[in-house]
Amino acid sequence: MSAIDKTYKLFLLDVKKQISESQQQAITAINHNLILLYWKIGTGILQRQQQLGWGAGVINKLSSDIQKSFPDLKGFSYRNLNYMRAFAEAYPVEQFVQVPAETLVNRPVIAKKPIVQALPAQLKNKASKSKNLIVQALPAQLEVQFMQAPLAQLPLAQISWTHHVLLLSRNLNSIERNWYITQTLENGWSSRILLHQLDTDLYKRQAKKKKTHNFNTTLPPAQSDLALQMLKDPYIFDFITVSEKANERNIEDQLCEHVTKFLLELGQGFAFIGRQYRLPVTGKKEYSVDLLFYNIKLRCYVVVELKARDFEPEDAGKLNFYLNVINAKLRSKDENPTIGLLLCKGKNEVLADYSLAGINQPIGVADYKLTKAIPKKLKSTLPSIADLERELKEIE
């Protein structure tokens, strides 16, 4: 290849990169503008209903009139306008502004502060003096702030409208919504994945539930926090079709067959190394761990042991032995200590706490469930992804 050909090839790669970046920026800007538009429309509906006494029927009339004026424009159905109103109600005017950039880095699992900040006091005072100011002048001033703020500082504008609709469809408080928004951004969840996480109550299992572990006594603080964020209770294996009476090998077979879904349930950063991984221990008896993973974020091996029964004290001792062997034989000097995860059909938390006391290797104990059904009454009120795609296909 000539020098010109090499130069051209490098130039072509650079041009392609610029085009890709420009396309992504355009998509981001479109979503940014769309979220702002929907919030402004929702705020207008909400404020006029509250202050001028407009009834619920105005939404249906508004949808019909918009579609008459813009017959080719989609996204303004009665249902979607209701979601815009709900969106404005969930994020009031005094909250819907930029968030400090530092809150998007090293965020806590449960946000202590709102994901959005309040408007300046003088703007709030202005708005309170006149109904017309609330309805007309305030969104214009707010739009300037919103559009000038760096996109990286606006979590609400970084997820799609379909994500927002899913969150608004559930009975979530502001802390829960903010947590799911944060997790969506950090993990790059699609709307389908977010729906799955909502269906399985991930917030309650990962952020709210009291967990059984010894991470705080066996790991440095930063590593302990990350390991604790990883831990769920219970784990939901709703993709497994074996019966409730299945043994460990049956469950293990299914987990490996659906390893992509299994990795999703485990969390971010997991790489599957192998099943029944044989440990390099000399002697007549062979030892192997059920499932071996590596977590890139934690920079350590993770051993998962499955029990098709309730937790027993000897389980912790055996797993401690496995972790000692892996640390001695597989772990490199620059890697963090191996973490063990015991997944059982059930556990006595007091018994598990006593069993982990005194063990010098990090171990977490959690339940798992093979099925997770949404109550019929609740399910009938929630839109499915298919419903959302039909309703909002022009947005995604």
Side-chain angles (χ1 to χ4, degrees), residues 23-47 59-60 62-64 66-67 69-93 95-99 104 114-116 139 142-143 145-147 149-174 176-199 202-203 381-396:
Q23 289 176 331
Q24 186 57 49
Q25 289 170 1
I27 292 171
T28 302
I30 289 171
N31 187 69
H32 186 247
N33 291 329
L34 186 72
I35 297 300
L36 175 61
L37 173 64
Y38 284 0
W39 180 85
K40 288 170 63 179
I41 292 172
T43 298
I45 294 171
L46 181 64
Q47 290 174 342
I59 298 179
N60 197 36
L62 183 62
S63 173
S64 176
I66 290 174
Q67 292 182 56
S69 300
F70 305 95
D72 297 326
L73 187 63
K74 298 180 180 180
F76 293 92
S77 65
Y78 171 80
R79 184 178 183 180
N80 206 30
L81 285 170
N82 263 313
Y83 280 127
M84 294 178 204
R85 183 194 182 281
F87 184 57
E89 191 170 29
Y91 304 101
V93 65
Q95 292 184 352
F96 197 72
V97 201
Q98 67 183 39
V99 61
L104 294 179
I115 205 164
V116 283
L142 179 64
E143 182 174 358
Q145 292 194 38
F146 188 93
M147 298 306 294
L151 290 177
Q153 295 182 357
L154 293 164
L156 289 174
Q158 291 187 65
I159 64 173
S160 74
W161 179 244
T162 306
H163 285 87
H164 281 299
V165 168
L166 286 171
L167 294 173
L168 294 169
S169 301
R170 306 301 171 102
N171 185 25
L172 304 175
N173 60 39
S174 59
E176 292 170 324
R177 280 197 311 271
N178 292 344
W179 187 85
Y180 279 111
I181 290 173
T182 297
Q183 294 299 311
T184 296
L185 292 175
E186 287 185 344
N187 298 297
W189 289 343
S190 67
S191 54
R192 287 182 181 275
I193 293 177
L194 176 60
L195 177 63
H196 172 77
Q197 307 295 25
L198 289 166
D199 283 345
L202 183 64
Y203 173 77
T381 66
L382 301 176
S384 67
I385 281 292
D387 293 334
L388 292 173
E389 286 177 342
R390 284 193 295 270
E391 185 79 15
L392 308 173
K393 62 183 179 180
E394 75 281 0
I395 297 171
E396 278 279 82

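Annotation: the span from Ser160 atom OG to Leu34 atom CG amounts to 9.5 Å, rounded to 0.5 Å. Distance check, rounded to the nearest 0.5 Å: OG1 of Thr162 to CZ of Arg192 gives 10.5 Å. Here CD of Gln183 is found 12.5 Å from CD1 of Ile159. Values are rounded to the nearest 0.5 Å. Here the straight-line distance linking atom CD of Gln158 with atom OG1 of Thr184 works out to 11.0 Å at 0.5 Å rounding. The CE atom of Met84 sits 4.5 Å away from the CG atom of Leu81 when rounded to the nearest 0.5 Å.
Using cut-offs of 30° and 60° on the angle between ring planes, the pair Trp189 and Tyr180 is tilted.
When all heavy atoms of Leu167 and Leu198 are compared, the closest pair comes out as CD2-CD2, 4.2 Å. Residues His32 and Ala157 come closest through the heavy atom pair CD2-CB, 3.4 Å. What you find for Ala88 and Gly42 is that their closest heavy atoms are CB-C, 3.4 Å. Of all heavy-atom pairs between Ser191 and Leu166, the closest is O-CD1, 3.3 Å. What you find for Glu176 and Asn171 is that their closest heavy atoms are OE1-O, 4.1 Å. Closest approach of Leu168 to Ala90, counting heavy atoms only: CD2-CB, 3.9 Å.
A cation-pi arrangement is not found for Arg177 relative to Tyr203, the charged atom failing to lie both closer than 6.0 Å to the ring centre and inside a 45° cone about the ring normal.
In summary, the aromatic rings of Trp161 and Tyr83 are positioned with their centroids too far apart to meet the 6.0 Å limit.
Between Arg170 and Asp199 the shortest side-chain heavy-atom distance falls below 4.5 Å.
Trp39 places a side-chain N or O within donor-acceptor distance of the main-chain N or O of Tyr91, the cut-off being under 3.5 Å. In this structure, Asn82 contributes its side chain and Ile59 its backbone to no donor-acceptor pair below 3.5 Å. Panel note: side chain Arg85, backbone Ile45; no donor-acceptor pair is recorded below 3.5 Å.
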* Verdict with supporting geometry, Asn80 and Ser77, side chain to side chain contact (heavy atoms under 4.5 Å, CB included) -> CA-CA 5 Å; Asn80 206 30; Ser77 65; 3.5 Å; yes
Exercise for review: Could you please spell out the steps behind the side chain to side chain contact (heavy atoms under 4.5 Å, CB included) verdict for Phe76 and Ile41?
Suggested key: CA-CA 10 Å; Phe76 293 92; Ile41 292 172; 3.5 Å; yes
Apply side chain to side chain contact (heavy atoms under 4.5 Å, CB included) to the pair Thr43 and Phe87, showing each step before the final yes or no. CA-CA 8 Å; Thr43 298; Phe87 184 57; over 6 Å; no
>> Test side chain to side chain contact (heavy atoms under 4.5 Å, CB included) on Ile181 and His163; report intermediate values, then the result.
In response: CA-CA 9 Å; Ile181 290 173; His163 285 87; over 6 Å; no
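Applying the salt bridge (Lys or Arg N to Asp or Glu O under 4.0 Å) definition to pairs two or more places apart or across chains, none involves residues 155-168.
Ser63 and Gln67 are linked by a side-chain donor-acceptor pair at a separation below 3.5 angstrom, with hydrogens and angles left out of the test.
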